[in-house]
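Here's the structure, in structure tokens; my notes come after.
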Amino acid sequence: MRHRSLAAAASASAPPPQMPPSFHFHWRHHAARRLSSTTACLHPPPLQPPRASASASASLLLQLQDHIASGHLSRAHHLFDQIPSPDVRTYNDLIRAYSSSPTAAADGLHLYRRMLRHRVAPNNYTFPFALKACSALVDHHCGRAIHRHAIHAGLQADLFVSTALLDMYVKCACLPDAAHIFATMPARDLVAWNAMLAGYAHHGMYHHAVAHLLSMQMQMHRLRPNASTLVALLPLLAQQGALAQGTSVHAYCIRACLHPNRNSKSKLTDGVLLGTALLDMYAKCGSLLYARRVFDAMPARNEVTWSALIGGFVLCSRMTQAFLLFKAMLAQGLCFLSPTSIASALRACASLDHLRMGEQLHALLAKSGVHADLTAGNSLLSMYAKAGLIDQAIALFDEMAVKDTVSYSALVSGYVQNGRAEEAFLVFKKMQACNVEPDAATMVSLIPACSHLAALQHGRCSHGSVIIRGLASETSICNALIDMYAKCGRIDLSRQVFNMMPSRDIVSWNTMIAGYGIHGLGKEATALFLEMNNLGFPPDGVTFICLLSACSHSGLVIEGKHWFHVMGHGYGLTPRMEHYICMVDLLSRGGFLDEAYEFIQSMPLRADVRVWVALLGACRVYKNIDLGKKVSRMIQELGPEGTGNFVLLSNIYSAAGRFDEAAEVRIIQKVQGFKKSPGCSWIEINGSLHAFVGGDQSHLQSPEIYRELDNILVGIKKLGYQPDTSFVLQDLEEEEKEKALICHSEKLAIAYGILSLSEDKTIFVTKNLRVCGDCHTVIKHISLLKRRAIIVRDANRFHHFKNGQCSCGDFW
DNA sequence: ATAGGGTTAG
């Protein structure tokens, strides 16, 4: 036969050792290729017995071994192609080499298939290597085929083969198959037990894992957990927060001399793995002290050890300490630096508002050549977004060569956090156009965009999208939906989502209570709070902020005082500044201005600007100029933080007719560089948003809108409306002031709603600032005049207008 | 063995 003579010829012309091997390759290679492409495909070659080429093969095999040993797999393959009829062992050698590198696993499987084509029977060494390749590729179809081959070869009960099968099924997430293999294995060693345990652990099957561990120890084989067992088990305990169990594992390590301190040199790697897993378990269970002790006791650490510790501190919100650890790590040498540790440090920066350090880390990433790392890039992106530098975040996003779901989600939430909700939708669209699949976190970032815009139709679409994706029962998604429906004016739908969710967390309760709060439904908020108590769900600080502000928006002053008392004395929660703000807001909105003032002075904390501002707002409403002056002096001392306070202050003066002083405040505001964010109102009509600023004439239907407003004005004046021109800031003639009032953005949006929506529809308008007092009165009258329901959501709360009344009564 | 994006209040 032809190929046999070629082989013989090859053996005859075996080159002397000094000859460059490449020369030799070429010739043989072509011959081999021709063979396989002509004869071999049609008729599988007969099994090779040739002894004629033994010496040539021996030399080739030696070279092959060399290449494999030095990791030159492509050269090895090249050489392999020239071996006329490789035997099982040769195949096994190369398949093994391929299977140990995850990127080459596919080539290993090709080789395995070729082996079958060439009728070389796989043996008990072949199967484990081929199965390992399947594990690397997470390809259970291929794994199952090999399983059948092994059965066919009668080797499925072999210890190595069955352990490899078990491991393959575990890695391919086919746990029932893995459990079946495990149960039917005639013999099991520790490796098999550990593989099965790892399967349970990776899938969070705590009870299975514990049962497995117990039966392992009860065997008569004296199977004692080793380092691998515990390294598989500990992350599961960490995930479950099972500190007691984790501690007893630690104790076992010490008894069994597995403790990192006592390991022999050969087990040093095990020691690092075990120590890292232990400290991570302690950190994830919130026991940072022990995490730190394990860390300090470890004789050797690697970059994972450091990352785990730093990440643990970040997880427990000990940002400053996390940061110090990161610095300590750098001081130990750059070899410990990893994208993972940088990502943790960046999270610390983001929450500490430590932008400058974040930028330095950005530079460090670029310098250490890992700036292309996706994880670290995403952390950086999110840090910029949280710091309000959305443009930086966008630039970074555009630079990233690889983007994934996390990158897109970070950008979506970045836009929303920076008040650019419309653009968040654009990013979401782009993401889908690029075939990047949104997940739960993406939707949790996107849904608040609908809340911001009060875009109910968008919100409903998102809800639908969440249902289609099978995410509708996730707690965080439901929380976002509750908030969205509440802020879009559909508190009934919020409650529906709340009622139907399979499990609730503290955020669910708080969001629902807050939802009732912004709708002025203080009674419902209180009822829900009591229900929460009855179910034994402990409230947190935020719960009380929600509850107090609900009381405040509903005028429930006595109830609010009661809950504030209960909070400290019944639940032992120390009030934070936010709680004091709520209380001052509660008292002063209710008209108890002096009591609010006394309350501030009795506070154990030094009142910050926001506390005083809450009082100032009420001074404006109740026209208490004396107290307003006192309060504004306090605010000036503390330094007004932001624009709103200048506006309030100036409003106080305007209301008192002291326009010079009002103007002065505005001038200071300008000089100090605070820009007043313009009042803006919008309305969603058939799924698209129409926005108006004061005096806006840019809308296509502007003439009709103003004509409608004029008609309304005539109508409501007949009903007894009188313009309250104290809300106009400039010193104008009365008539001019009335004109300035009538083109407030909320009025424009309502007029447009009246024009565009059929009479039975509720008009729902959203405003970014607080509704002006005159508008409030006007809208009441409109609801009577036009006999329609109007809902206005402003920066504070909801106002439901009907038949000339507002749900908030006088608590504007 | 570690690790990135997200929900509530003011």
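Proteins get letters first, then strands, A, B, ... in listed order; numbering begins at 1 in each.
Donor-acceptor pairing under 3.5 Å, judged by distance alone, is absent between the side chain of T375(A) and the base of dA3(B). One cannot find a donor-acceptor pair under 3.5 Å joining the base of dG5(B) and the side-chain atoms of D404(A). Between the side chain of S409(A) and the base of dG5(B), a donor-acceptor pair under 3.5 Å is found.
At the heavy-atom level, V231(A) lies under 4.0 Å from the strands shown only through sugar-phosphate atoms. A514(A) comes within 4.0 angstrom of sugar-phosphate atoms only, judged by non-hydrogen atoms across all strands, and of no base. No contact: T475(A) has no heavy atom under 4.0 Å from any strand. Residue contacts for D585(A): at a heavy-atom cut-off of 4.0 Å it reaches no nucleic acid atom on any strand shown. Heavy atoms of T511(A) sit under 4.0 angstrom from primed sugar atoms or phosphate atoms, though from no base atom. Using a 4.0 Å heavy-atom distance criterion, E474(A) is classed as making no nucleic acid contact. When heavy atoms are screened at a 4.0 angstrom cut-off, S549(A) is found touching the sugar-phosphate backbone but no base atom. Within 4.0 Å of K386(A), counting heavy atoms only, lie sugar-phosphate atoms of the nucleic acid but no base atom. The residue T405(A) sits close to a base: some heavy atom pair falls under 4.0 Å. Among the protein residues, D505(A) comes within range of no part of the nucleic acid, since none of its heavy atoms lies under 4.0 Å from any strand.
Judged by a 6.0 Å distance limit and a 45° cone about the ring axis, R301(A) is positioned over the six-membered ring of F295(A).
Side-chain rings of F544(A) and F529(A) approach one another, their centers coming within less than 6.0 Å.
Under 4.0 angstrom from either OP1 or OP2 of dA1(B) there lies no side-chain N or O belonging to K284(A).
The number of heavy atoms from other shown groups lying within 6.0 Å of CG (L334(A)) does not exceed 12. For Y290(A), the OH atom sits in a loose shell: 12 or fewer heavy atoms of surrounding residues, nucleotides or ligands are nearer than 6.0 Å.
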